[in-house]
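A short worksheet on the structure shown next.
Chain letters run A, B, ... following the sequence lines, proteins first and then strands; every chain starts at 1.
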Amino acid sequence: MDQDKNVSSFTRLDILIQYYLDRVTPYVVARWLTNLCLLIVFVVRIISIHGFYIIAYCLGIFLLNQFLLFLTPKQDPSFADDDDHAPSLPTRSNEEFRPFMRRLPEFKFWYITFKAFAISLILTFIPILNIPVMWPVLVIYFIVLFVLTMRQPKLIADQAPAAIKEGEMANYFGRKIAIDASMSIYQFLIAVRQNGENLTNDSGETTSHLMGMFYRTIRMIENGIKPVYVFDGKPPQLKSKELEKRLERRTEAEAEKTKAADAGDGEAFDKFARRTVKVTREHNDDCKRLLTLMGVPYVDAPTEAEAQCAALVKQGKVYGVGTEDMDALTFGADVLVRHLTFSETRKMPIREYSLTKALQGLGINFEEFTDLCILLGCDYCDSIKGIGQKRALDLIKQHRNIETILKNIDKKKYAVPDDWAYEQARQLFKVPEILPADATDLKWTEPDEDGLVSYMVKEKGFS
DNA sequence: CCTCTATCAGCAGACGTG
DNA sequence: CCACGTCC
DNA sequence: ACCTGCTGATAGAG
């Protein structure tokens with residue numbers, strides 16, 4: 001990287017130095033022993049002559065600074081920092097593709113400290129630098145620099161062992177992946193439209209969802225991925241409050257939509273039409289039919305599709321969950337794959353999240369992680385106002401569970417909701433209603449081409 | 001002043017072609 | 001590699 | 001009888 005810098009100022013001396021540097025590179029232990037010796041000499045000298053304290057201070061600060069840089073992983077610009085709503089995941093690169101790049105590599109760290117020791121030592125021979133300093137001044141100086149230094153690397157705790165892996169579709173050849181069907185259908189219904197309306201066949205039935213599901217599934221199969229779609233069941237009781245809100249929002253949008261239609265405002269109509277989209281029984285049934293014809297299995301979840309997906313992972317029936325929804329981790333799916341679908345068209349890399357590694361990185365266990373997610377806000381209950389990602393994680397790390405947190409926080413500052421149902425929410429995450437392992441039989445078969453053709457072309461008007 | 005949080009708006013597919 | 005139009 | 005999120009910008013509180 002800074003080879004470039006060196007190139008620009010090529011002199012004989014530089015070449016010579018570079019030559020020796022290259023030669024000593026392999027001897028890690030010897031190099032650091034050398035530095036240690038220099039340090040000892042320096043300390044002995046400072047102590048024996050009772051002076052040059054300021055140089056010792058500067059050296060100390062400098063070393064601290066460099067050490068932190070050494071500990072800090074290299075910032076990857078493509079990782080803008082992902083998490084917000086859901087699990088606060090440590091953002092770090094991945095293990096196999098890039099091993100943990102340090103911002104300051106070991107060799108550079110050694111070289112720079114070597115120079116620092118040498119220069120400091122030399123400086124102690126220059127009498128004019130033996131400035132008498134008052135101790136308090138040095139202490140203040142130290143604190144200022146320390147604060148500045150600590151702030152620079154974003155958060156030292158950020159260094160999680162690779163919880164996120166990036167890859168391409170090809171890496172998932174032969175893998176079985178569970179997918180939340182309702183979610184996909186929803187996306188198709190919203191995205192696939194023309195002139196504000198969904199695509200339909202001659203008799204006016206919507207076909208957007210079939211379109212999307214057909215192509216997306218084909219693409220996955222082409223890449224050797226074996227998808228299994230999971231359909232939503234009826235939502236749990238706790239979610240009803242949340243659902244009411246959504247219904248309200250939708251009826252509101254409905255009203256706006258008709259208003260826009262009367263006013264002839266096409267754009268507004270389009271906008272509100274998207275908000276009124278709802279996945280119906282018919283959509284689900286259409287897709288199930290399509291999947292059967294394609295030889296792709298599906299599962300009817302008793303309640304939440306995400307929970308069932310996670311269960312399939314835990315039961316070892318699939319490799320991971322393909323979703324954009326971080327709740328899958330809260331349900332205990334160890335592997336979550338994002339951007340699985342559109343990685344090829346847009347060059348969005350597929351990101352694979354590992355629950356165990358994320359937990360390691362955050363320094364908490366699964367129960368604490370569940371509590372953390374509840375604090376951050378889930379569909380099942382309210383969260384505490386004034387506690388967001390940072391404070392929630394701090395609180396969990398400090399108190400380890402919600403009960404203890406509740407005992408310890410200032411209730412005046414942070415209003416805890418009345419009848420806060422966090423315990424039930426926790427139960428839902430911990431023991432969600434799911435199908436037992438033997439109730440799901442996942443078989444991928446050859447597509448029924450004739451059946452497909454007759455269904456798609458004759459019934460739904462595809463060509 | 002800076003940091004953290006809450007809130008709101010906007011957006012959401014896949015393909016082939018030029 | 002993009003913007004754009006079409007899919008039903 | 002009922003079904004979803006994320007991102008980014010912005011304002012406000014502490």
Side-chain angles (χ1 to χ4, degrees), chain A residues 80-88 147 151 154-155 180-195 197-220 222 230-237 239-240 242-247 249-250 253 267 270-272 274-284 286-287 300-301 303-306 323-328 338-339 341-348 375-379 382-394 410 413-414 456-457 459-463:
Chain A
D81 234 1
D82 58 330
D83 41 59
D84 66 351
H85 152 83
S88 240
V147 168
R151 255 203 322 198
K154 270 195 63 171
L155 249 187
D180 180 342
S182 313
M183 190 88 125
S184 318
I185 297 175
Y186 187 86
Q187 284 179 312
F188 294 137
L189 287 179
I190 286 184
V192 187
R193 20 181 81 240
Q194 191 80 330
N195 308 324
E197 296 291 338
N198 283 50
L199 305 179
T200 59
N201 64 3
D202 291 341
S203 42
E205 294 170 303
T206 305
T207 51
S208 300
H209 55 301
L210 290 173
M211 183 84 169
M213 180 148 293
F214 185 64
Y215 282 118
R216 185 179 281 187
T217 310
I218 285 193
R219 152 149 264 158
M220 284 194 261
E222 269 175 358
V230 180
F231 288 85
D232 261 327
K234 60 168 193 269
Q237 208 61 52
K239 214 171 173 178
S240 53
E242 177 71 20
L243 295 183
E244 264 172 46
K245 266 191 231 157
R246 290 184 189 158
L247 183 65
R249 244 179 280 159
R250 213 165 31 227
E267 258 179 51
D270 197 34
K271 197 168 89 184
F272 289 114
R274 284 165 193 264
R275 288 188 207 169
T276 60
V277 167
K278 208 173 110 184
V279 179
T280 65
R281 178 60 158 275
E282 287 70 43
H283 295 140
N284 281 341
D286 285 348
C287 288
D300 278 308
T303 57
E304 301 265 54
E306 291 292 353
T323 178
E324 305 304 307
D325 180 0
M326 290 298 187
D327 278 357
R338 293 182 83 191
H339 312 149
T341 52
F342 39 62
S343 69
E344 213 114 311
T345 32
R346 311 198 208 145
K347 37 180 196 208
M348 186 91 81
L375 280 178
L376 292 176
C378 63
D379 288 347
D382 297 325
S383 52
I384 306 177
K385 292 256 175 285
I387 296 196
Q389 349 172 29
K390 275 268 157 43
R391 277 200 260 276
L393 182 56
D394 290 345
D410 182 354
K413 212 156 151 195
Y414 303 109
M456 297 291 272
V457 177
E459 281 187 50
K460 298 295 177 183
F462 278 74
S463 49

Check your understanding: Which pairs with one or both residues in residues 198-212 of chain A pass salt bridge (Lys or Arg N to Asp or Glu O under 4.0 Å), sequence neighbours excluded?
Key -> A:Glu205-A:Lys460

Point to revise | For the student: nearest non-hydrogen atoms of A:Val279 and A:Ser182, plus distance | key: CG2-O, 4.0 Å

Exercise for review: For the side chain of A:Ala191, starting at C-beta, report the closest nucleotide among B:dG13, D:dC6, D:dC3.
Suggested key: B:dG13

Check your understanding: With rounding to whole Å, what would you report as the distance between B:dT17 and D:dC2 at their P atoms?
Key -> 46 Å

Review point. If we take the C1' atom in both D:dG12 and B:dC1, what is their distance in whole Å?
Key: 14 Å

Review point. Which listed nucleotide (C:dC8, B:dG13, D:dG5) is nearest to the side chain of A:Asp325?
Key: D:dG5

Using nucleotides 9-14 of chain D, report all nitrogen or oxygen pairs with the protein that are shorter than 3.5 Å.
none

Point to revise | Closest nucleotide among B:dA12, C:dC7, D:dC3 to the A:Met211 side chain | key: C:dC7

Practice item. Supply the atom-to-atom distance A:Asn198 CG to A:Phe188 CZ, rounded to the nearest 0.5 angstrom. Key: 12.5 Å

**Study point:** Integer-rounded Å distance: C:dC8 C1' and A:His209 NE2
**Key:** 12 Å

Point to revise | Residue A:Gln194, side-chain atoms from C-beta onward, closest of B:dA14, C:dT6, D:dC2 | key: C:dT6

Exercise for review: Under 4.0 Å between any heavy atoms, over every strand shown, what does A:Gly461 touch: base, sugar-phosphate, or nothing? Just pick one.
Suggested key: sugar-phosphate

**Study point:** Spacing of A:Asp180 atom CG relative to D:dC6 atom P, expressed in whole Å
**Key:** 12 Å

Check your understanding: Considering only B:dA14, B:dT5, C:dC8, which nucleotide approaches the side chain of A:Lys390 most closely?
Key -> B:dT5

Review point. Once Watson-Crick and G-U wobble pairs under 3.5 Å are found, how is DNA chain D written in dot-bracket notation, 5' to 3', with | for any base paired to another strand?
Key: ...|||||||||||

Study note, to complete from the structure: Contacts of A:Phe231 meeting ring-ring contact (aromatic ring centres under 6.0 Å, His included) (sequence neighbours excluded), chain-then-number -> A:Tyr298

Exercise for review: Using a heavy-atom cut-off of under 4.0 Å over every strand shown, decide if A:Ser182 touches base, sugar-phosphate, or nothing.
Suggested key: nothing

Point to revise | Rounded distance in Å - CD1 (A:Ile185) to C1' (D:dG5) | key: 16 Å

Check your understanding: Would you say a side-chain N or O of A:Ser463 is under 4.0 Å from OP1 or OP2 of C:dC8?
Key -> yes

**Study point:** A:Arg281 side-chain proximity, nearest of D:dA1, D:dC6, B:dA14
**Key:** D:dA1

Point to revise | Results of salt bridge (charged side-chain N to carboxylate O under 4.0 Å, His left out) for A:Glu304 - residues two or more places apart only | key: A:Lys239

Practice item. Output yes when a side-chain donor or acceptor of A:Glu324 lies under 3.5 Å from a complementary backbone atom of A:Arg338, and no otherwise. Key: no

Check your understanding: Tell me: CZ of A:Phe462 to C1' of B:dC15, nearest whole Å?
Key -> 13 Å

Point to revise | Span that lies between the C1' atom of C:dC8 and that of B:dG18, in whole angstrom | key: 24 Å

Review point. Could you give the distance from NE2 (A:His209) to OG1 (A:Thr207), rounded to the nearest 0.5 Å?
Key: 7.5 Å

Revision key, fill the gap. One should read off an interatomic distance between A:Arg216 CZ and A:Arg219 CZ, to the nearest 0.5 angstrom, of 10.5 Å

Revision key, fill the gap. Separation of B:dC15 atom C1' from A:Leu199 atom CG, nearest Å, is 13 Å

Check your understanding: Out of B:dA12, C:dC7, D:dG5, which has the shortest distance to the side chain of A:Met183?
Key -> D:dG5

Exercise for review: Return the minimal non-hydrogen interatomic distance between A:Leu189 and A:Lys278, and the atom names on each side.
Suggested key: CD1-O, 3.9 Å

Exercise for review: Write down the distance between CZ (A:Phe214) and C1' (C:dC8), rounded to a whole number of angstrom.
Suggested key: 14 Å

**Study point:** Where A:Ser184 and A:Asp180 come nearest, the two heavy atoms and their spacing
**Key:** OG-O, 3.0 Å

Point to revise | Separation between the P atoms of D:dG5 and B:dC15, rounded to whole Å | key: 26 Å

Point to revise | Residues forming a side chain to side chain contact (heavy atoms under 4.5 Å, CB included) with A:Glu459, sequence neighbours excluded | key: A:Arg289, A:Tyr455

Check your understanding: Does a nitrogen or oxygen in the side chain of A:Arg219 sit under 4.0 Å from OP1 or OP2 of B:dC15?
Key -> yes

**Study point:** Distance, rounded to the nearest Å, where A:Met213 contributes CE and B:dG13 contributes P
**Key:** 13 Å

Practice item. Give A:Ile384 one of three labels, base, sugar-phosphate or nothing, depending on what nucleic acid heavy atoms sit under 4.0 Å from its own. Key: sugar-phosphate

Exercise for review: Ignoring the backbone of A:Lys385, work out which of B:dT7, B:dG13, C:dC8 is nearest its side chain.
Suggested key: B:dT7

Check your understanding: Can you tell me how far P of B:dA14 sits from CD1 of A:Ile218, to the nearest Å?
Key -> 12 Å

